[in-house]
Amino acid sequence: QVQLVESGGGLVQAGGSLRLSCAASGRDFYNYVMGWFRQAPGKEREFVAAITWSAGTTYYADSVQGRCTISRDNAKNTVNLQMNSLKPEDTAVYYCAAGWGLSTRANMGRASRYSKWGQGTQVTVSS
């Protein structure tokens, strides 16, 4: 059973940066793909970035490509999302997720493919 706890959200001005962290615990999480998703009020949950824990291969949504970096820290069992040049449209609740056996980029981008979720952390970007 994998447990996920996010931290690092907050209020930041447009153009600023935030670093989100996801602490993972439990068994076998090294076999999971770790993803970050976000959900703004009235909108569907959308993919932000994903990383394969074993190889560290990364994938990004077009909307954050070049502004966000996803990484993992094996020693601390954390997955991080560094977000730079933040925009008001980045405002959302950000969720960490773990998915088993996701082998294609398409599947890694689908929230329905992830079985474990954190509680979410709010990111608010003011203009």
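For clarity, every value in this text was computed on a predicted model and none was experimentally measured. We number each residue from 1, following the sequence as shown.
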Sidechain-backbone polar pair: [X] side chain, [Y] backbone, donor-acceptor under 3.5 Å:
X	Y	answer
Thr91	Val125	yes
Thr121	Gly9	yes
Thr52	Thr57	yes
Asp90	Lys87	yes

Spacing of [atom1] belonging to [X] relative to [atom2] belonging to [Y], to within rounding of 0.5 Å:
X	Y	atom1	atom2	answer
Leu102	Arg110	CG	CZ	10.5 Å
Arg19	Leu81	CZ	CG	9.0 Å
Ile70	Cys22	CD1	SG	9.0 Å
Gln65	Thr58	CD	OG1	8.0 Å
Arg38	Met83	CZ	CE	8.5 Å

Please tell me if the side chains of [X] and [Y] come closer than 4.5 Å, counting only heavy atoms from C-beta onward.
X	Y	answer
Gln82	Cys68	no
Ile51	Val33	no
Glu6	Gln119	yes
Trp117	Cys96	no

**Request:** Let me see the working for Val123 and Leu20 under side chain to side chain contact (heavy atoms under 4.5 Å, CB included), right down to the final yes or no.
**Result:** CA-CA 9 Å; Val123 171; Leu20 307 183; 4.0 Å; yes
Is there a path of hydrophobic side-chain contacts, each under 4.5 Å between heavy atoms of I/L/V/M/F/W/Y residues, joining [Y] to [X]?
X	Y	value
Val64	Val79	yes
Met34	Val2	yes
Val93	Val12	no
Leu4	Trp36	yes

**Lys NZ or Arg CZ of Arg45 over Tyr95 ring: under 6.0 Å, within 45°** =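 Here Arg45 passes the 6.0 Å and 45° test against Tyr95.
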Taking all non-hydrogen atoms of both residues into account, name the closest pair between [X] and [Y] and its distance.
X	Y	answer
Ser17	Ser85	OG-N, 4.4 Å
Tyr32	Ser115	CE2-OG, 4.2 Å
Ala92	Ala40	CB-N, 3.8 Å
Gly99	Tyr114	N-CD2, 3.4 Å
Ser54	Arg72	O-NH2, 3.4 Å

**Prompt:** Under the ring pair (Phe, Tyr, Trp, His ring centres under 6.0 Å) rule, what pairs show up with a residue in residues 51-94, not counting sequence neighbours?
**Reply:**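 Non-adjacent pairs meeting ring pair (Phe, Tyr, Trp, His ring centres under 6.0 Å): Phe29-Trp53, Tyr30-Trp53.
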Return yes if a side-chain donor-acceptor contact under 3.5 Å exists between [X] and [Y], otherwise no.
X	Y	result
Ser25	Gln3	yes
Asn84	Arg67	no
Asn80	Ser21	yes

